[in-house]
Chemist: 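Structure incoming, see below.
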Amino acid sequence: IEKKIMGVKIDLDKINLIKEEKLLDDKENIIGFLRSAAFSPKFRKVVGIAMIKSKYCNDLQKFKVNIDDKYSSGIVCSLPIL
């Protein structure tokens, strides 16, 4: 399955990412993997880099990610993150 590097925005105000995390769509399908992330003061949320399956590489593709045993929502976006 072909994947692309994409940006992501996650509705969190902090993140402690110690391993790659699965990104899931609303049907629990894995759409990609979060590789790195940090809080962005500009966007007031967490932004990051993810490997996304090609068919999900649409700006505004929604996903959820499990961080610290809690699901948070986010969207896929193009790079650079603007």
Chemist: Count I, L, V, M, F, W, Y as connected when their side-chain heavy atoms are under 4.5 Å apart, and connections chain through other members. Are Ile49 and Met51 then in the same cluster?
Modeler: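 Looking at the clustering, Met51 is in the same group as Ile49.
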Chemist: Is there a donor-acceptor pair closer than 3.5 Å between any side-chain N or O of Asp25 and the backbone N or O of Lys27?
Modeler: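 Yes: the side chain of Asp25 pairs with the backbone of Lys27.
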Chemist: Can you check whether Val76 reaches Asn58 side chain to side chain, under 4.5 Å on heavy atoms?
Modeler: no
Chemist: With a cut-off of 6.0 Å (strictly less than), are more than 12 heavy atoms of other residues, nucleotides or ligands near CG of Leu79?
Modeler: yes
Chemist: So how far is it from Ile31 CD1 to Met6 CE, rounded to the nearest 0.5 Å?
Modeler: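 Here the rounded value is 9.5 Å.
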Chemist: Would you find more than 12 non-hydrogen atoms of other residues, nucleotides or ligands less than 6.0 Å from Glu28 atom CD?
Modeler: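 Result for CD/Glu28: enclosed.
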Chemist: Report yes if the side chains of Leu34 and Ile15 come closer than 4.5 Å at any heavy-atom pair, otherwise no.
Modeler: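 Counting from C-beta outward, Leu34 and Ile15 do come under 4.5 Å.
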Chemist: Can you measure from CG (Asn29) to CG (Leu23) and round to the nearest 0.5 angstrom?
Modeler: 12.5 Å
Chemist: What's the separation between atom CG in Asp26 and atom OG in Ser73, rounded to the nearest 0.5 Å?
Modeler: 12.0 Å
Chemist: Could I get the full list of side chain to side chain contact (heavy atoms under 4.5 Å, CB included) partners for Lys22, not counting sequence neighbours?
Modeler: Leu24, Ile30, Phe33
Chemist: With side chain to side chain donor-acceptor pair (under 3.5 Å) as the rule and sequence neighbours excluded, what pairs involving residues 33-42 come up?
Modeler: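 Non-adjacent pairs meeting side chain to side chain donor-acceptor pair (under 3.5 Å): Glu20-Arg35.
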Chemist: Applying side chain to side chain donor-acceptor pair (under 3.5 Å), which residue pairs with at least one partner in residues 44-57 are found, sequence neighbours left out?
Modeler: Asp11-Lys45
Chemist: Using the rule that two of Ile, Leu, Val, Met, Phe, Trp, Tyr join whenever any of their side-chain heavy atoms come within less than 4.5 Å, decide whether Ile67 and Val46 are in one cluster.
Modeler: yes
Chemist: With a 4.5 Å heavy-atom cut-off, do Asn66 and Tyr71 have their side chains touching?
Modeler: yes
Chemist: Do Phe63 and Leu17 belong together in a cluster built from hydrophobic side chains that touch within less than 4.5 Å?
Modeler: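 Same cluster.
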Chemist: Quick one: do Glu21 and Lys64 make a salt bridge, cutoff under 4.0 Å?
Modeler: no
Chemist: For the residue pair Lys9 and Ile81, establish whether any side-chain heavy-atom pair is separated by less than 4.5 Å.
Modeler: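 Answer yes - side chains close enough.
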